[in-house]
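For reference, the structure discussed in these notes is given below.
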Amino acid sequence: MTFLVRASVAFSLIAVPFALTAPVAAQDVLLSSPLAGYEVPDPKAVQGEDETPWLYEGSNVPVDREWVFGEMDNGLRYAVRRNGVPPNQVSIRVRIDAGSLHERDSEQGYAHLLEHLLFRESTHLGKAEAIAAWQRLGATFGADANAETSPTHTAYKLDIPDIGPEKLDESFKLLSGMIKGPVLSDENVATERPIVLAEKRERGGAALRVSDLTRRTFFAGQRLSERNPIGTDETLAAATGSSVQAFYDRWYRPEKTVIVVAGDADPMVLASYVEKWFGDWEGTGEPGIAPDFGDPVAPEGAAMLDGSDLPIGELAVAVEPDLPRNLTYAIMRPWRQVEDTIVYNEGLLLDALAQSIINRRLETRARGGGSYLYAQINQDDVSRSIDATFVAFAPLGEDWEAALADVRGVIADAIANPPTQEEIDREAAEFDVAFVNSVEQESVQSGRDLADNIVNAVDIRETVASPQVVLDVFRGMRDRMKPEEVHARTKALFEGDVVRSVYVTPAIGEADKAKLELALASEVTIDDTARLADNAISFEELPPIGEPGTITEQGPLGILDIQKVSFANGVNAILWSNDAEPGRVTVKVRFGAGYRAFDEDTAVYANLGQGALVGSGLGDLGQNELDLLATGRKLGFNFDIDDAVFTFTAQTRSSDVADQLYLFAAKLGDPRWDEDPVIRAKAAAELAYNTYSTGPASVLSRDLEYLTTAKDPRFAIPTPETLSGVTPEGFREVWEPLLAQGPIEVLVFGEFDQAEIIEKLRTTFGALPEREAIAPEVASRVPAFPVGVNTPQVVTHRGDADQAAAAVAWPSGAGMTRIRESRQLEILVQIFSNRLLDAMRERAGASYAPQAYSDWPSDVSAGGKIVALAQLKPEFVPVFFAEAQKIGADLAANPPTADEINRVTGPLGQRVRRASTGNQFWLYNLEGASEDPQRIELLRSLLSDYSNTTPEIMKFLAQRYFSGVEPFKLAVLPEGTELGEIPEVAGASTAPVAAPLPAQATGR
């Protein structure tokens, strides 16, 4: 019952920058299914309600009857259901019960290679036609059409928008041809092998070495220790069409396949498509027999973990100069398939409560000045190979033994002594909020997530349950949430067959296996100082923000039923109360100057603000007190820095939105300046800095923004030397005035009582003092673009010698005045990206995932850019530079074909339509509209701008942005490597064009 163990009390915000029409409630979407009335033969393999569905065999978990299950004569099983989120979409998953653990020694990497080959050529798709075919159906490659290979399965994932009978039939046809009839020739293997090797290379370096060492250590003696899904150079080099075909014949068979479909259609229609296109599938040759994955076994004569009956098994120390210190140890138990019953899931919930209690204590200890930056325990079943409890932490310094002792001391207290009822009740309240929220959100749960849940359940050999069942089970076991029973489950989490450990350190000689074993075997002192104190806090006890404010203006914003409210202190609010997402409310606060607020002397504090500002508390409340205050509520406090504003963001519930507004307003009106969060953020930044040198991708993330803004210090990652001067006092000196300056805009979108929230705004944000103005010299700061740099900038990394990266950047535009041009530019850049993928991946096999993107800031007047980048071998870097400039030059000289345009505008238009069903678009696109009304009018053309263009407009934009300007080029090479000569590019620099955008681009 996978929801029980994977429910999260955390929150996140994913702002989708596209939408058009008002959000639609899921129940309304379902009434207008695009396949309604479509006549299809009745499916024959559907399991009736009087049968136990195949997923629930051996379980007493209530069946989720939204799903319709079937089992065909050829052994293929399926699960289908109606879901209208987003509307007019169908999500298809095909799971093959074979991954890297099913490979023979000579076949390592074949499961993953085969995943690639299915996209290469198949019954209904010619060579390299799959990407274009799915794009023509409206699917974005990578996001809507993709696949994954794990140790235990291979899953193909397809999300098709704007469905109708013909498109759905075509999708099943193409997908069935891939699954049933891939062309596994020597030629195709030879073509795809460099792409897989490029993917393998891009994952290499220090992180991969540590990952491989950890896998070999933790799973010693088991099949999982020897197999990485990406395979080995030797086995991939030896792969042939016939050897891959042999693997395919053993494992790609109907009896080893599960198909899951969730979409905006009658389940019987979906079932009929599954049966139509997969009912005739028959396996070839002898089926594969799953090998024994093995069990963890302790070595003979092992030392014992202090205070336990656990033998200490395999240990490893990795010395990686560019990685921060990290120690993980794990208590290993054999994995066994379980009967997924209610009682079993109640036990999992008790385990989860026990882990949450310990993790909160570990975090409290760290906040109080502990010897580690973070620490966490986590029980996990890994690849049907082990059931383990992992303990991981990051020492703050060289004394890792002290950090280990501190972590083990907190855990020892949990093992020795029961938790208090107050601790249990607190964590239970958090779980209850999460489960209630899932019930409230059930009607807007996306089809792709529902389909993935079934795939994951099949993989771990368990069931799925509806959110209401999960909540009922949780609330029905309240009498088991007692200290004695939670304590018993806690002790069981730290019992097993063997304990294993890996320590990663940048320092030679700091540790070895003997020292690690001695530290684990040493006596532990119980630490009970991090236990929860019974000092509950309520919002009713908190002081008012100030005198309630005065509303000076209230009325329609000018689009839909969205309201604007203005207060006498200058605060503006944009509110949209609707029931499209039941119980869910997003709150976003925009204030201040954003990155404009910083200069060379203060830039280091910008970076630290994202880690320390929220943690430093508010008023009389530190972070621990804020955690207590949030008990039983869904509150969030994401902080971010944008080009021209700072933002607080949270996804909350209808019942909690008023309290969420108080927290955000109090942070601005009465901030607290605790020292420990600043010290921790500084330590984290210092520990992380060297990791940016471990490989080309890390260097790109560190330097690309900095270099493409002409080395603007605001966008530099702070060095240890820069961080050495950081103090809590300096942090406050920089941030305190920034919280008090610049206009405030509050956006509240979701299901809430509008009158109640307006009154709450009056007593919170409306009660704040008037804001200080942003100085003109600050307001005018915009990112620059490097000019006069005609030769590539070369930076180095300390990773593998066969790894490199390259980026090419052209300046573009910014601001709302030409935002419609930016939308058309997005089409052009996606065409560029498709060509880059074809050139560098499909034809050259030089890079796994080359890409291009457009960055057009809307809140500042300059700083936009177009960037193309890729990871590749060092010798391919000059080729990439030449190819990127060649593509730009060709687009400027010759308009793209209609098919190229349609392959981009189709998926882009579908992204617009899909996102239009949720509130996030409206919030994203109306940010700033209280002060900039043009954002409202410009929103009306969004769908047209992203989905309609002409070849002439594309050529015009290519001339404007790719011609007459020398692009900035960045090469990330291994230390000691020189950049090769860049081939000449014909037509790469032609006359600049500065005319207005052709009129066609402004049509609606």
Could you pull out all residues at least two apart from Gln135 that satisfy side-chain hydrogen bond (donor to acceptor under 3.5 Å, both in side chains)? Asn834, Arg903

Applying side-chain hydrogen bond (donor to acceptor under 3.5 Å, both in side chains) to Glu121 and not counting sequence neighbours gives Lys127, Asn188

Without swapping roles, check the side chain of [X] against the backbone of [Y] for a donor-acceptor pair under 3.5 Å.
| X | Y | result |
| --- | --- | --- |
| Glu745 | Ser930 | yes |
| Ser822 | Ile819 | yes |
| Thr691 | Ala688 | yes |
| Thr709 | Tyr706 | yes |
| Asp800 | Asp802 | no |
| Thr708 | Leu704 | yes |
| Arg798 | Glu975 | no |
| Gln793 | Leu970 | no |
| Gln824 | Asn948 | yes |
| Arg596 | Ala644 | yes |

Would you name the heavy atoms of [X] and [Y] that are closest together and state the gap between them?
| X | Y | result |
| --- | --- | --- |
| Ile574 | Ala929 | CD1-CB, 4.2 Å |
| Tyr605 | Val726 | OH-CA, 3.5 Å |
| Glu981 | Pro878 | O-CB, 3.3 Å |
| Leu872 | Arg201 | CA-NH2, 3.5 Å |
| Pro974 | Ala801 | CG-O, 3.4 Å |
| Ala597 | Val778 | CA-CG1, 3.9 Å |

I'd like to know whether Val912 forms a side-chain contact (heavy atoms from CB on, under 4.5 Å) with Leu942, so could you lay out the CA-CA distance, the side-chain angles of the two residues, the decisive distance to 0.1 Å, and finally the verdict. CA-CA 8 Å; Val912 170; Leu942 187 142; 3.8 Å; yes

Could you check whether the rings of [X] and [Y] sit parallel, tilted or perpendicular, using 30° and 60° as the cut-offs?
| X | Y | value |
| --- | --- | --- |
| Phe785 | Phe968 | perpendicular |
| Phe119 | Phe141 | perpendicular |
| Phe832 | Phe962 | tilted |

With side chains defined as the heavy atoms from C-beta onward, is the minimum distance between [X] and [Y] less than 4.5 Å?
| X | Y | result |
| --- | --- | --- |
| Ile901 | Pro951 | yes |
| Asp703 | Tyr692 | no |
| Asp144 | Leu137 | no |
| Leu707 | Pro786 | no |
| Val879 | Lys873 | no |
| Glu202 | Ser847 | yes |
| Thr719 | Tyr689 | yes |
| Thr949 | Leu957 | no |

Mind checking whether Phe715 and Tyr595 have ring centres under 6.0 Å apart? yes

What pairs with Arg835 under salt bridge (charged side-chain N to carboxylate O under 4.0 Å, His left out), at least two apart in sequence or on another chain? Asp890, Glu900

Only counting residues at least two apart or in another chain, list the ones meeting salt bridge (charged side-chain N to carboxylate O under 4.0 Å, His left out) with Arg714. Asp712

Run the salt-bridge test on Asp945 and Arg820 with the 4.0 Å N-O cut-off and return the result as yes or no. yes

Between Arg203 and Glu199, does any side-chain N to carboxylate O distance fall below 4.0 Å? yes

Just do the side-chain contact (heavy atoms from CB on, under 4.5 Å) check on Asn607 and Phe598 with the steps written out, would you? CA-CA 10 Å; Asn607 184 277; Phe598 302 96; over 6 Å; no

Any pair with a residue in residues 848-880 that passes ring-ring contact (aromatic ring centres under 6.0 Å, His included), sequence neighbours left out, goes on the list, sorted by first then second residue, please. none

Would you give me the side-chain donor-acceptor pairs under 3.5 Å for residues 804-817, sequence neighbours excluded?
residue	atom	partner	partner atom	Å
Ser812	OG	Lys865	N	2.9

Verify the neighbour count for atom CD of Glu777: are there more than 12 heavy atoms of other residues, nucleotides or ligands below 6.0 Å? yes

So for atom CD, which belongs to Glu600, do other residues, nucleotides or ligands contribute more than 12 heavy atoms lying within a distance under 6.0 Å? no

At what distance, to the nearest 0.5 angstrom, does [atom1] of [X] lie from [atom2] of [Y]?
| X | Y | atom1 | atom2 | value |
| --- | --- | --- | --- | --- |
| Ser854 | Arg823 | OG | CZ | 12.5 Å |
| Phe749 | Leu923 | CZ | CG | 5.0 Å |
| Leu979 | Glu875 | CG | CD | 12.0 Å |

Please step through side chain to side chain donor-acceptor pair (under 3.5 Å) for the pair Ser947 and Arg913, ending with a clear verdict. CA-CA 10 Å; Ser947 57; Arg913 294 181 177 91; 5.0 Å; no

Any chance you could lay out the side-chain contact (heavy atoms from CB on, under 4.5 Å) test for Asn894 and Lys955, step after step, and finish with the verdict? CA-CA 7 Å; Asn894 306 293; Lys955 179 180 177 180; over 6 Å; no

Would you sort out whether Ile744 and Val589 count as a side-chain contact (heavy atoms from CB on, under 4.5 Å), showing the intermediate values? CA-CA 7 Å; Ile744 296 175; Val589 179; 4.0 Å; yes

Go through the steps for Asn690 and Ser693 under the test side chain to side chain donor-acceptor pair (under 3.5 Å), then give the verdict. CA-CA 6 Å; Asn690 282 346; Ser693 297; 5.4 Å; no

Quick one: which of Asp859, Asp932, Asp642 gives a salt bridge (charged side-chain N to carboxylate O under 4.0 Å, His left out) with Arg590? Asp859

